There are 2 protein chains.
Amino acid sequence: MQPKSKIIIVDDHKMFLDGLRSILEPQPHLEIVMTAKNGQNVEKYLNINAEEGIALVVMDLNMPEYDGAELNRFIKKNHPQIKTLVVSMLHDVQTVRTLTQDNVDGYLPKNAPKEELLKAIETILGGEKYFAQTIKDAYLKGMTMQDASPEQSLSKREKEVLRLIAMEQTTQEIADQLFLSKHTIESYRKNLISKLGVRNLAGLTKYAIKLGLID
Amino acid sequence: MQPKSKIIIVDDHKMFLDGLRSILEPQPHLEIVMTAKNGQNVEKYLNINAEEGIALVVMDLNMPEYDGAELNRFIKKNHPQIKTLVVSMLHDVQTVRTLTQDNVDGYLPKNAPKEELLKAIETILGGEKYFAQTIKDAYLKGMTMQDASPEQSLSKREKEVLRLIAMEQTTQEIADQLFLSKHTIESYRKNLISKLGVRNLAGLTKYAIKLGLID
DNA sequence: CTAAGCATCCCTGTTTTCAGGGAGGGCGTT
DNA sequence: AACGCCCTCCCTGAAAACAGGGATGCTTAG
């Protein structure tokens with residue numbers, strides 16, 4: 001009999017976790033060896049049981065404390081043989097890009113049907129990558145737009161300003177607070193908007209939240 | 001043999017739907033007669049199959065188009081014998097209050113474990129109500145804090161406008177989209193700012209996220 | 001019936017944001 | 001030394017947001 005593929009599931013919504021478990025457990029060739037509600041415990045587990053031959057980690061993004069992006073980065077750096085599949089509610093281009101740069105093996109929206117989940121797992125365990133069509137569409141659209149817009153890793157100062165913007169402060173207030181000219185803050189604001197590909201304060205705020213700069 | 005309790009599940013995330021199904025299907029006394037991704041279809045189904053004896057509808061809140069709150073209201077008005085259980089990611093006080101006023105039979109966060117889901121269903125089918133402890137806590141805290149801070153329940157229209165604002169749309173764009181005057185949207189924006197006690201677009205956006213109007 | 005809340009629309013004026021430029025100095029890498 | 005990147009500051013003009021009013025009609029609850 002062929003050995004089962006060992007799988008870890010990570011999601012902070014227990015019910016979803018149980019749902020995934022119920023879907024995967026009946027699969028004869030899969031074995032769930034651990035479930036967790038954030039990345040921290042998985043990291044510990046992998047460090048201790050490095051030789052156990054974990055095949056795949058299925059993870060949510062957007063968990064408190066230690067999210068999927070971070071966990072994926074950790075796994076790919078320290079345990080590159082382990083495959084990773086991200087299952088998330090949101091599918092924004094930036095997140096997917098970050099994940100692909102970090103060599104994630106697959107990405108599914110949470111509204112994908114059970115069948116697609118199983119197919120994705122098979123594909124990934126077979127050594128290939130699997131991205132849902134909707135994700136690919138969004139990603140490509142983002143790629144073409146990316147040519148015009150520069151790279152968007154934010155500097156420390158930019159993050160600081162972004163944080164204050166999202167804290168409902170006006171340009172003038174931020175300037176006073178950081179002992180800078182209001183023109184400087186205006187420049188930052190402008191650069192952030194174009195760098196992050198958003199239209200206005202609302203977009204900046206959402207991004208700040210996504211980055212975890214505020215809550 | 002005792003008759004099975006007929007259940008309908010409503011959630012726009014297919015994978016979650018499949019998860020719930022996998023949890024509930026093995027239960028010998030439960031029978032899933034329908035799943036849907038929004039309230040609309042359920043409404044139709046109930047109108048046609050009114051006599052089929054549906055026991056319970058398990059629903060997500062926060063679905064596009066026709067959300068759980070609305071569906072609950074419909075069910076309690078037109079088919080009061082059918083029980084309703086809301087399963088949601090967010091647990092803001094206002095939403096829970098609205099639901100309880102509409103006589104919902106139970107409320108669980110999505111991070112509740114499988115066991116609690118089953119227990120909640122049993123409780124509700126037995127004729128009692130079931131609310132997760134965390135929900136009850138939040139609700140009570142909201143009740144006491146309510147004295148100090150003014151009430152901030154948003155009307156449906158207000159939520160709609162708030163959603164569009166947080167989606168990075170300008171006042172003019174929202175006006176066009178809803179076939180309203182831009183003055184109207186400006187009024188809404190103004191009211192929202194004062195109602196929610198925030199200063200600007202950033203605050204509105206954060207609130208919209210907290211309410212789950214956008215992601 | 002009456003008051004309250006909701007949805008709609010309007011006005012005046014000020015402040016802030018947004019768009020699209022430019023520009024100089026510092027700092028590290030090649 | 002030259003290049004890129006970051007941080008800083010400045011300008012103009014248009015668009016949008018914000019503040020603080022008022023007004024109407026229509027439901028709904030008391």
Side-chain angles (χ1 to χ4, degrees), chain A residues 145-208 211 213, chain B residues 69-70 73 76-77 94 97-98 100-103 146 150-208 211 213:
Chain A
M145 298 192 332
Q146 189 196 14
D147 301 333
S149 76
E151 187 46 27
Q152 62 232 35
S153 67
L154 301 185
S155 71
K156 194 170 172 176
R157 200 55 152 171
E158 282 174 329
K159 279 187 198 169
E160 172 71 359
V161 173
L162 178 55
R163 200 187 107 251
L164 294 170
I165 288 175
M167 302 254 297
E168 298 177 51
Q169 311 225 27
T170 66
T171 294
Q172 185 61 61
E173 287 168 349
I174 297 170
D176 293 346
Q177 202 162 321
L178 299 181
F179 305 106
L180 293 175
S181 157
K182 81 171 202 175
H183 299 295
T184 308
I185 308 302
E186 266 166 10
S187 292
Y188 278 114
R189 183 187 282 269
K190 199 172 32 175
N191 286 335
L192 285 166
I193 286 178
S194 91
K195 239 183 196 182
L196 303 178
V198 299
R199 297 183 63 190
N200 57 24
L201 189 41
L204 290 179
T205 306
K206 287 192 281 182
Y207 209 94
L211 283 184
L213 298 178
Chain B
E70 223 172 317
R73 213 171 304 123
K76 287 306 182 182
K77 189 173 171 192
Q94 182 48 38
R97 186 172 304 135
T98 305
T100 51
Q101 278 166 1
D102 289 336
N103 207 30
Q146 190 192 10
E151 184 48 26
Q152 62 225 37
S153 75
L154 301 185
S155 71
K156 190 170 172 175
R157 201 52 152 174
E158 283 174 328
K159 279 187 197 167
E160 172 72 359
V161 173
L162 178 55
R163 203 187 104 252
L164 294 171
I165 288 174
M167 302 254 297
E168 300 177 50
Q169 310 224 28
T170 66
T171 294
Q172 186 60 62
E173 286 169 348
I174 297 170
D176 293 347
Q177 202 163 319
L178 299 181
F179 304 105
L180 294 174
S181 155
K182 82 171 204 178
H183 300 295
T184 307
I185 308 301
E186 265 165 10
S187 292
Y188 277 114
R189 182 186 286 266
K190 203 172 30 176
N191 286 336
L192 285 166
I193 285 178
S194 90
K195 232 182 202 183
L196 302 178
V198 298
R199 297 182 64 189
N200 57 24
L201 188 41
L204 291 179
T205 306
K206 287 192 282 182
Y207 208 92
L211 283 185
L213 298 178

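Order of the sequence lines sets the chain letters (A, B, ...), proteins ahead of strands, with each chain counted from 1. All values reported here derive from a predicted model rather than from experimental measurement.
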Let me know which of A:N200, A:L204, A:T205 forms a side-chain contact (heavy atoms from CB on, under 4.5 Å) with B:L201. A:N200

Just the rounded figure in Å: distance from [atom2] of [N] to [atom1] of [X].
X      : N      : atom1 : atom2 : result
B:K190 : C:dG13 : NZ    : C1'   : 12 Å
A:I193 : C:dT16 : CD1   : P     : 16 Å
B:H183 : C:dC9  : NE2   : P     : 9 Å
A:I185 : C:dT15 : CD1   : C1'   : 17 Å
A:K159 : D:dC7  : NZ    : C1'   : 16 Å
A:R189 : D:dC9  : CZ    : P     : 16 Å
B:E158 : C:dT8  : CD    : P     : 10 Å
B:L192 : D:dA17 : CG    : P     : 13 Å

B:N200 side chain: which of C:dC18, D:dC18, D:dA16 is closest? D:dC18

Got [X] and [Y] here, is their nearest side-chain heavy-atom distance under 4.5 Å?
X      : Y      : result
A:R157 : A:L180 : yes
A:L164 : A:L178 : yes
B:L192 : B:L154 : yes

Can you tell me if the side-chain N/O atoms of [X] get under 4.0 Å from OP1 or OP2 in [N]?
X      : N      : result
B:Y188 : C:dT8  : yes
A:S155 : D:dC7  : yes
A:R157 : D:dC6  : no
B:S181 : C:dC10 : yes
A:T171 : C:dT17 : yes
B:R199 : D:dC18 : no

Can you say whether a donor on the side chain of A:S187 sits under 3.5 Å from an acceptor on the base of D:dC9, or the other way round?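 Answer is yes: a donor-acceptor pair is held.
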
DNA chain C: B:L201 or B:F179, which has the more 5' nearest nucleotide? B:F179

Under-4.0 Å salt bridge between A:E160 and A:R163: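 Between A:R163 and A:E160 there is a salt bridge, with a charged N closer than 4.0 Å to a carboxylate O.
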
Under 4.0 angstrom, heavy atoms only, what part of the nucleic acid is B:K182 near: base, sugar-phosphate, or nothing?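 The residue B:K182 makes no contact with any strand.
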
